[in-house]
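Everything on this sheet refers to the single structure shown next.
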Amino acid sequence: MVDVGSTPDESFGTVDLETFDLTENDDFIPACKNALIEIFKRYDEDGDGFWSPQELDAYCIKCNGQPFDAEDKADLRDTYDTNDKGWLTLQGFLDLVYSQTEGDNTETWRDLKKNGYNQKLELVQQF
């Protein structure tokens, strides 16, 4: 059992994250995909369908306390779907989070929690 929060206020409680997969058949389960789409749209402040460097930084700061460094941003542009400016698309974001989830399911759960989602993948905190 894993407690995914650092304090009782941030915790899901005790959830067996090893058996609660966010993916199936090489894609996210529908509730997770819907949550990630909502998160992408929330940080896409200008609504253009891409995350500018500032929008990406806002997401990273919320999830990790700091933005990606220049090298990490270059890796994102080289690895995931971006527009001609190198700004992350929704598909690029989904692929990024999918890669993270395949490597560490608990990290994705933490990111969802920090963005207002509970263990049922319901948005319980409005931003």
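Side chains are part of it too, since the values below use all heavy atoms of this structure and drop only hydrogens, waters and symmetry mates. The chain is numbered in sequence order, starting from 1.
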(request) Give a yes or no on whether a salt bridge exists between D72 and R77, defined as a side-chain N under 4.0 angstrom from a carboxylate O. (result) no
(message) Under the criterion side-chain contact (heavy atoms from CB on, under 4.5 Å), I'd like the reasoning laid out for N105 against L22: C-alpha separation, chi angles, the key distance, then a yes or no.
(response) CA-CA 7 Å; N105 199 33; L22 294 170; 3.5 Å; yes
(message) Counting C-beta onward and ignoring hydrogens, is there a side-chain heavy-atom pair between L112 and L36 closer than 4.5 Å?
(response) yes
(request) List the steps and the verdict of side-chain contact (heavy atoms from CB on, under 4.5 Å) for F28 and T101. (result) CA-CA 9 Å; F28 289 108; T101 304; 3.7 Å; yes
(request) May I have the step-by-step check of side-chain contact (heavy atoms from CB on, under 4.5 Å) for W87 and W51, ending in yes or no? (result) CA-CA 5 Å; W87 296 3; W51 275 1; 5.6 Å; no
(message) Quick check against the 3.5 Å criterion: does D69 have a side-chain atom that pairs as donor or acceptor with the backbone of E71?
(response) yes
(request) Look at the side-chain heavy atoms of Ile, Leu, Val, Met, Phe, Trp and Tyr, link any pair under 4.5 Å apart, and say whether F40 and L56 land in one connected group. (result) yes
(request) Return the set of residues passing salt bridge (charged side-chain N to carboxylate O under 4.0 Å, His left out) with D104 (not counting sequence neighbours), or none when no residue passes. (result) none
(message) Any heavy-atom pair between the side chains of R110 and K113 that's under 4.5 Å?
(response) no
(request) To the nearest 0.5 angstrom, please state how far the CZ atom of F68 sits from the CD atom of Q66. (result) 10.0 Å
(request) Grab the two heavy atoms, one from P67 and one from D57, that are nearest each other, plus how far apart they are. (result) CB-OD1, 3.2 Å
(message) Please find the pair of heavy atoms, one from T82 and one from L76, that lie closest to each other, and give the distance.
(response) CG2-O, 4.4 Å
(request) Determine, stepwise, if the pair L90 / D81 fulfils side-chain contact (heavy atoms from CB on, under 4.5 Å). (result) CA-CA 8 Å; L90 171 59; D81 190 46; over 6 Å; no
(message) For a quick test of reading the model, state the closest non-hydrogen atom pair linking N115 to L123 and the distance between them.
(response) O-CD1, 3.6 Å
Would you mind writing out the side-chain donor-acceptor pairs for residues 93-100 within the sub-3.5 Å range, not counting sequence neighbours?
residue : atom : partner : partner atom : Å
D95     : OD1  : Q91     : NE2          : 2.8
S99     : OG   : Y80     : OH           : 3.2
S99     : OG   : D95     : O            : 3.1
Q100    : NE2  : T108    : OG1          : 2.8
Q100    : NE2  : D111    : OD2          : 3.1

(message) As an exercise, state the distance from CG of L88 to NZ of K73, rounded to the nearest 0.5 Å.
(response) 11.5 Å
(request) Provide the closest heavy-atom pair for E45 versus E55 in the form atom of the first, atom of the second, distance. (result) N-OE2, 2.9 Å
(request) Considering non-hydrogen atoms only, spot the tightest contact between G49 and D44 and give its length. (result) N-OD2, 2.7 Å
(request) Verify the cluster assignment for I37 and I39: are they in a single hydrophobic cluster under the rule of side-chain heavy atoms below 4.5 Å apart? (result) yes
(request) Could you tell me which non-hydrogen atom of K62 sits nearest to which non-hydrogen atom of K114, and how far apart they are? (result) CE-O, 2.8 Å
(message) Show every side-chain hydrogen bond (donor to acceptor under 3.5 Å, both in side chains) that has at least one partner inside residues 25-40, sequence neighbours left out.
(response) D27-K33, E38-R42, E38-Y117
